[in-house]
Amino acid sequence: MSIRLTPDAVYERLTSGTPNGAGLEVPLYDYDVVIAGSGPIGCAYARTILEDPTIPDARVLMVEIGSQDSSVIGEHHKNSIKFQKDIDAFVNVIKAALQDVSVPPGDTYIPTLVGNGWTPPVNNGTQLIFQGSNPNQIRELNLKASAVTRTVGGMATHWTCACPTPHPEEIRNNPIPQAERDSLFQRARELLNVHNDQYEFSMRHTTVKDTLLETLPAGRNVQSLPLAVERRSDNPAYVTWSGSNTVLGDVASYGDRFKLLSETRFTKLILDNDTPNLIQGALLRDLGNDRDVLAQAKAYVIATGAVGTPQVLANSGIYPDTLGRNLCEQSLAFCQVVMTPEMIDSITNSTNADWQRRIAIHKASHPTDPLPIPFNDPEPQVMIPYTTDFPWHCQVHRDAFSYGDVGPRADARVVVDLRFFGKQEINPNNRVYFPQNLARDWIPGNTDIYGMPQATFEVQRSHLDSVNDQKMMRDLCAVADELGAYLPGSNPQFMDPGLALHITGTTRIGDDPTTSVADRSSRVHGFTNLFVGGNGCIPDSTSSNPTLTSVMIALKACEAVSELLRQPTTA
Ligand code: KBG
């Protein structure tokens with residue numbers, strides 16, 4: 001493997017004719033591996049490479065477009081006691097974190113704007129583009145609620161932490177052999193600190209789970225939701241949700257072997273015609289100082305999300321026909337119920353001595369409270385997993401996402417959320433695409449607000465998807481019926497497409513370059529030193545939450561990165 005271009009040559013080549021062409025005085029970072037993205041996948045790559053004893057001197061540069069919003073790199077914001085006491089407030093954290101991917105231009109004509117105020121012109125061929133709206137987005141083909149989180153730690157700073165293992169039908173296209181997958185999954189669970197027993201002492205959790213175990217057929221396999229979470233030993237009223245910091249471990253303290261550049265855009269990979277299969281460098285943009293930065297490494301990992309990763313590749317001119325295609329997103333059915341009086345009575349009359357002790361303490365402090373449930377009783381975290389007969393993933397829990405706050409409508413202790421996730425048939429025509437050759441043809445409005453090529457969705461659900469969604473909704477209603485009455489305002493409904501935030505397929509792995517973007521080691525077909533990571537690598541239609549699988553795939557990729565680093569570099 002040989003990197004042949006000098007930084008000056010690279011920069012000169014890159015900057016001629018682009019809006020950023022301002023001289024050769026650019027800082028250069030020289031590392032073994034450059035990783036774009038600081039979410040759980042980027043962190044899984046970083047940790048595994050830095051802890052590999054066969055490459056003890058390996059150095060990793062991590063690049064993140066967002067800022068570092070907590071003192072610990074990529075920590076889950078829900079670890080704050082404020083949000084553990086008031087989960088409704090977390091809705092606003094998530095709303096603030098998510099930035100829409102593709103918004104069709106809105107109609108800004110305001111009929112009540114009287115007086116002398118500017119109004120968009122009528123039908124003169126112009127189109128108002130503001131706040132990153134996308135003139136190419138066809139409304140009916142959009143994933144309207146699809147969003148990205150630009151911060152150190154990525155979505156792991158606010159995710160629900162659900163980590164179910166996919167059903168065999170959800171992983172049949174994955175080219176990694178099953179025995180290997182099983183051990184990679186186990187390592188992924190360790191990195192994410194996954195447990196399914198941290199809520200067992202909760203009255204609400206146990207009551208919801210037992211009710212479903214009693215009322216649903218045994219084949220539904222009702223169980224506790226596997227979560228990347230650990231109850232705090234110093235105060236069991238609180239938990240520690242896993243964030244990207246959990247995955248990263250302590251490699252952030254490895255001195256000059258690890259460096260994180262925040263508020264830095266990974267603009268593009270640098271190619272050279274004479275070595276077409278070898279990435280020569282990376283052009284970065286220091287957003288705070290508005291200047292370009294170069295990075296060179298032996299290996300490059302792009303893990304900036306299922307939209308951001310193909311975006312970087314497209315902006316680098318790496319645009320195989322498979323890029324962005326085979327996109328699957330899950331349908332999401334949602335409702336909230338208020339538990340039955342019988343369920344509350346079963347808590348009051350429980351023979352569980354620990355419950356009775358806690359109820360007595362609660363009653364002593366709050367004698368007029370009509371509920372027996374202590375305020376710090378943890379929420380339910382129950383799963384009805386995917387099965388062949390019921391091919392959807394069900395979470396029966398309590399969680400405020402960017403929606404789902406209970407507010408003053410009900411006492412949150414008696415509210416249960418149901419979120420059912422449906423698969424989407426794999427179809428190469430379902431895609432996210434990007435305008436090309438942007439370095440030369442700078443088309444205003446065809447970039448996102450960070451100056452990267454604008455993502456446009458073309459996604460439709462098939463007839464089979466609709467039939468499946470209808471069955472899933474019927475099931476959601478049947479399960480909800482066992483638990484209580486619909487909370488007014490949270491009746492059964494499908495959420496906007498994209499809200500699951502589980503896009504897969506856009507950089508899918510596979511052995512066949514005509515149907516995949518990268519090989520089973522996540523190495524982009526046709527390249528020696530370019531790897532991808534994230535949910536986009538998943539080649540299957542899934543309904544389970546994808547993070548665990550994406551970490552599993554990244555761990556396989558790390559073996560190939562290590563092997564590459566062990567090879568001698570020729571000058
Ligand atoms: O309930 C969560 C779910 O666990 C998840 O992974 C997804 O991203 O968001 C849901 C809330 O809408």
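When a residue number appears, it is its place in the shown sequence, counting from 1. Note that ligands are numbered from 1 as they come in the structure, with each ligand's atoms numbered from 1 the same way. Values reported hereafter were calculated over all heavy atoms of this structure, with side chains retained and with hydrogens, waters and symmetry mates removed.
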**Q** Please confirm whether Phe334 comes under 4.0 Å of ligand 1, counting heavy atoms of the residue only.
**A** no
**Q** Would a line drawn from the ring center of Phe531 to the ring center of Tyr45 be shorter than 6.0 Å?
**A** no
**Q** Using 4.0 Å as the upper bound for N to carboxylate O, is an ion pair formed by Asp405 and Lys95?
**A** no
**Q** With Glu180 as reference, evaluate Arg187, Arg520, Lys556 under the salt bridge (charged side-chain N to carboxylate O under 4.0 Å, His left out) test and give the passing residue.
**A** Lys556
**Q** Using side chain to side chain donor-acceptor pair (under 3.5 Å), reason through Ser262 and Gln68 one step at a time and then give a plain yes or no.
**A** CA-CA 7 Å; Ser262 60; Gln68 186 171 330; 5.6 Å; no
**Q** I want to know if ligand 1 touches Leu501 in the polar sense, i.e. an N/O pair below 3.5 angstrom.
**A** no
**Q** For Tyr433, is the NZ or CZ atom of Arg325 found under 6.0 angstrom from the centre of its six-membered ring and inside 45 degrees of the ring axis?
**A** no
**Q** Less than 4.0 Å is my threshold; does some heavy atom of Met495 fall inside it relative to ligand 1?
**A** no
**Q** Among His502, His393, Gln330, Lys423, which one satisfies side-chain hydrogen bond (donor to acceptor under 3.5 Å, both in side chains) with Thr542?
**A** Gln330
**Q** Counting N and O atoms only, with roles assigned by atom type, does the side chain of Asp417 sit under 3.5 Å from a partner on the main chain of Asp399, one being a donor and the other an acceptor?
**A** yes
**Q** Suppose we measure from atom 6 (O) of ligand 1 to each protein heavy atom; which comes out shortest, and what is that distance?
**A** His502 NE2, 2.8 Å
**Q** So, is Gln395 polar-close to ligand 1, with some N/O to N/O distance under 3.5 Å?
**A** yes
**Q** Give me the nearest non-hydrogen protein atom to atom 12 (O) of ligand 1 as residue plus atom name, then the distance to 0.1 Å.
**A** Tyr403 OH, 2.6 Å
**Q** Does ligand 1 have an atom under 4.0 Å from some heavy atom of Phe421?
**A** yes
**Q** Quick check on Thr547 - does any of its heavy atoms sit under 4.0 Å from an atom of ligand 1?
**A** no
**Q** Can you tell me the protein heavy atom closest to atom 8 (O) of ligand 1 and the distance?
**A** Ala500 O, 2.8 Å
**Q** To check your reading of the model: name the closest protein heavy atom to atom 2 (C) of ligand 1, its residue, and the distance in Å.
**A** Thr160 OG1, 3.2 Å
**Q** Run the numbers for me: atoms of ligand 1, each under 4.0 Å from some heavy atom of Arg419, listed by number.
**A** 1 (O), 11 (C), 12 (O)
